[in-house]
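Everything on this sheet refers to the single structure shown next.
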Amino acid sequence: MLMTPVVSADVLEQRDIAFYYGSRPPVEDLRHFDQIVIQPSQVLPHERKALLKLDSLIFAYVSFGEIARNSEDMERINTEWSIGVNPAWNSLVMDMTDPGWHEYLLEQHFDRLWRDGYRAFFLDTVDSYLIVTAEGKQRDEQEKGLVALLAEIKRRFPGCKLILNRGFEVLDRASQYTDGMVAESLFHGFDPVTGKHAPTREENREWLLNQLTRAQNEFNVPVTVLDYVEPGNWVEAEKTAQKIAKLGFMPWVANGDLTWLGHGRIRLAPRRLLAIANGTAAEQMDQELFKHAAMPLEYLGLALDYWYIDHSPLPIEPLVGRYAGVIVWLGDENENGTSRYENICARLQTEVDVGLPVVFMGYLPSGVACRNLIDYQGSLQPTTSMLELRSANDRLGRPATAPIVGSGTPDVRVRDRNEAWLTLSDGDNVFHPVAVGAWGAYALHPHLINESASGRHEWLLDPFSFFQAAFRLPVQPVFDITTENGRRLGIIEVRGDRLFAKDEHGVEAIDRLRVWMEKNPAPVTLGVIEAEVNSEDRRAKVRRLADMPQVRLASHTYSHPFYWGVFEGKTDADQQPYRYSVFMEGYAAEMTRETAGTIPFLQSMAPRSPLLLIWSGDGKPVPAALAAAFKAALPNYGGGGLHWQSGSLSIADLSPALRPTEWGTQVLTPLTGEPLFAQLWYGEALNFSMVSDWNRQLDTGRRLRISSLSIHADALLHARGAELLDQLADEQRKENVLGLWLDEYVQRAQAFQTASIARDLDGNWLLFGDALRTVRLPVAEMTPAISADVVGYSDRNADRYVYLARNHAVLKHKREIEETSPALRLIDASAPLKSWHLNDDGSATLLFEPHGDLTLEVPKSCSLNLDSGALAPRTEGSRFVYAIPANSASGEFRLEC
């Protein structure tokens, strides 16, 4: 009979648990759990440090009563410590009375793990002695030894936490040393011999349930139930987790070897893609996947983990549950008839079988495994025939002007014609170069992206619609790096190139820059090239700029290398139109000096400016340069942006916001990198006004980018420089952006790569946004409840932007009972939120970061007080607008509705 233990809901709230025994632990995802059990041998030192920094309690796995014969411990084990064998796992059962075994565990496991920083331990195989001992004196002795060892662990490692896997027989003596208990296979079990997952027998379930109820009720030991189902069987996993939770126990449902991120009271909502490419990580910025696919995927809320298949095999742990899908963009390997990628397709087949979508871009690899994966027909050989359009799916978003390319179209068709999104014909045969099916999707050259003679690229399909369908993306919150507190973010960045050059009147660029900044109260970041600040007079001028309240300084390297490839011995790029760098007699550019070596200078010039490095030149730092910045904890920015040759803006030429690498994350320029600046400004200053048009276009329909104004200091030496820059800054001001300093934007952009989402059994969203404070949802999906975590929301087109108050937020639907309550919420604000507190009387207290003048919009049913004094608003439609001068903007506001 299923009995429901009496247990406090508050207790359960404190101990959500996950077990992960695989390698590459997904730290950002695991932090949703209060307790995390890992295999220390599977975790690298840097991963261990990251795990131990979490607020979660990290339990190190210890086999307490057995040693596997294939374990690395075996060579140090005295077999006389063993009293038998566990045939199911081919392991030795250890004598819990043997002092040698006790001391080995304490010194070789617990002491080592303690020194590594672990303060909690999960003790597996606690009751293995039951396998080989009979009831009576022999078993009693084993239990006494077991309890004595538990007591000694608590004595030697004061404050440590212990969770036992079973051990019901000793609870009357061991509960004082036990912080929790785990039992496996209440509803579903795993057979290690056959590798099969199956329901447990009813009689076994009844016995186990009685034991668990006794442990929790009689001995007050929190209980976790660990059940096993096949990876990807989400329906059964959720149903099982719900049944376990209703019994009052903490659930975790995963696969038998605990390498699948399964289901507990919460389930992770993956927002990462595994991005498989050729080549090396050093070539990343020149790869098709990075240049074209990453940007629309980021807009859809997806962060990319790049995997270079020519150098590393795919992970053996299940990808389902950890990733939202896999995207593959490989070169044309069919030219030489090889099938180098058979292992990839065979490995991905197991993921497709459990529901993980796989999307191929550019080319399909040949071979039996790949054909089976996608179930296509045809030889993949390119046709030379003239083709005509038969049909195109409405969701393909194919431009009406898109050419019908015949030559090069691969001979490929899907068996289910309903999956074809593009059908072409030569009269006798049909071709399906774009298809979306149960396995995922593919979109193949030459029907993917068109390249003009000038080098401009244009999508031949709607990448947003295609990727949405290809990855079967569920409706869930999307972290947004373009918007905060209901306003589009904006940056103004000045790179200090030729900062002390003089115009025809002998006036230095830095002096003109200071005059321009005095007229512009918005946050401005100035990147300074250290080698140019080579005199006390120049240092004084830089400090004077840094003292302005709206100005922060960043490093723009030491000598401004233009072509970063030279650090790897590559030939310089002579064709580049802009090649500025500071020449110094006797100095050969050195990587650390150019990056981390500029920190002391930056701190001496502007102690209050957070550290930031703006990459110079082509903005393509080599791995060693990125590693030097990462080692010094120096956030970095630059490179990327728009690759523009001529003609109108095309999003196919817009880089992603991020370049994630194993050496750290490089935040890329939203719009104008230095080579593009050179094309726009040094050729003809009037071209720079195109930046205004591009900023508008990237906020039309979809908001793809923040408002970005990036200039060089020497632009002010141009005859119309100040006038044009005034115009651009004024347009940004009229747009009512929320202005950020560059380091603040970089912090938010970096957070996009680490942010994570989960959902609990009640349907609430659990968000770790780190520095990000906005998620986006369809308007029709939800009206959020205003809470201690959620400040407000606003709608733009079909999107609802929801503002978060803190790093870790719970997003709930507004209940029907709340629909008639006063509309307490923030509509928008012109500065980042510093704190938000809901008061007992239903009001809210707010503080904002000091960014100058402050403008707030709230519902018309609300009023705003500043330091207990009422403020006077102006009315705009259904809202009140409050304007607060900079000298009052940092005060405490009270919002009442």
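By the ring pair (Phe, Tyr, Trp, His ring centres under 6.0 Å) test, His292 pairs with His457, sequence neighbours left out. Under the side-chain contact (heavy atoms from CB on, under 4.5 Å) criterion, Pro296 pairs with Trp459, Pro463, Phe464, Phe467, sequence neighbours left out. By the ring pair (Phe, Tyr, Trp, His ring centres under 6.0 Å) test, Trp644 is found to be paired with Trp694, residues two or more places apart in sequence or in another chain being considered. For Asp257, there are no salt bridge (charged side-chain N to carboxylate O under 4.0 Å, His left out) partners two or more places apart in sequence or in a different chain. Residues passing the side-chain contact (heavy atoms from CB on, under 4.5 Å) test with Asp428, sequence neighbours excluded: Asp426. Under the rule for a salt bridge (charged side-chain N to carboxylate O under 4.0 Å, His left out), the partners of Asp310 that lie at least two apart in sequence or sit in another chain are Arg340. Residues satisfying the side-chain contact (heavy atoms from CB on, under 4.5 Å) criterion with Thr280, sequence neighbours excluded, are Ala282, Glu283, His311. Taking Tyr308 as the reference, nothing meets the ring pair (Phe, Tyr, Trp, His ring centres under 6.0 Å) condition, with sequence neighbours excluded. In this structure, Glu298 has no salt bridge (charged side-chain N to carboxylate O under 4.0 Å, His left out) partners at least two apart in sequence or on a different chain. Arg267 meets the side-chain contact (heavy atoms from CB on, under 4.5 Å) test with Trp234, His263; sequence neighbours excluded. Listed by chain and number, the residues in a salt bridge (charged side-chain N to carboxylate O under 4.0 Å, His left out) with Asp286 are Lys620 (sequence neighbours excluded).
Going from atom OG of Ser756 over to atom CG of Leu767 covers 8.5 Å, rounded to the nearest 0.5 Å. Here CG of Leu330 is found 5.0 Å from CG of Asn278. Values are rounded to the nearest 0.5 Å. One distance of note links CD of Gln666 with CD of Gln750; it measures 10.5 Å at 0.5 Å rounding.
For Arg472 against Gly437, the heavy-atom pair with the smallest separation is NH1-O, 3.8 Å.
In this structure, Leu364 and Cys370 have side chains that are not in contact, with every pair of non-hydrogen atoms separated by 4.5 Å or more. Within the 4.5 Å cutoff, side-chain heavy atoms of Asp353 are placed close to those of Gln349.
In this structure, Phe630 places its CZ atom where only 12 or fewer heavy-atom neighbours from other residues, nucleotides or ligands lie under 6.0 Å away. Within 6.0 Å of atom CG in Asp394, 12 or fewer heavy atoms from other residues, nucleotides or ligands are found, so the atom counts as exposed in its surroundings.
One finds no salt bridge joining Lys196 and Asp191 here, because no Lys/Arg side-chain nitrogen approaches an Asp/Glu carboxylate oxygen to under 4.0 Å. Comment: Glu351 engages Arg347 in a salt bridge, judged by a side-chain N to carboxylate O separation of less than 4.0 angstrom.
Using a 30° and 60° split on the angle between ring planes, His197 and Phe190 fall in the tilted class, from 30° to 60°. The aromatic rings of Trp564 and Trp615 stand perpendicular to each other, their planes meeting at an angle above 60°, with 30° marking the opposite boundary.
Side-chain contact check for Thr754 and Asp770: at least one donor-acceptor pair (N or O, by modelled atom type) lies under 3.5 Å.
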Phe471 and Leu297: CA distance, side-chain angles, deciding distance, side chain to side chain contact (heavy atoms under 4.5 Å, CB included) verdict: CA-CA 10 Å; Phe471 290 110; Leu297 290 169; 3.9 Å; yes
Taking it one step at a time, do Thr259 and Asn255 satisfy side chain to side chain donor-acceptor pair (under 3.5 Å)? CA-CA 7 Å; Thr259 54; Asn255 61 333; 3.1 Å; yes
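Put simply, the side chain of Ser407 never gets that close to the backbone of Thr384: no donor and acceptor are under 3.5 Å apart. Side-chain atoms of Ser655 do not come within 3.5 Å of backbone N or O of Gly640 as any donor-acceptor pair. In this structure, Arg776 contributes its side chain and Tyr299 its backbone to a donor-acceptor pair below 3.5 Å.
Contacts classified as salt bridge (Lys or Arg N to Asp or Glu O under 4.0 Å) and involving residues 300-309 (residues at least two apart or in different chains) are given here: Arg272-Asp305.
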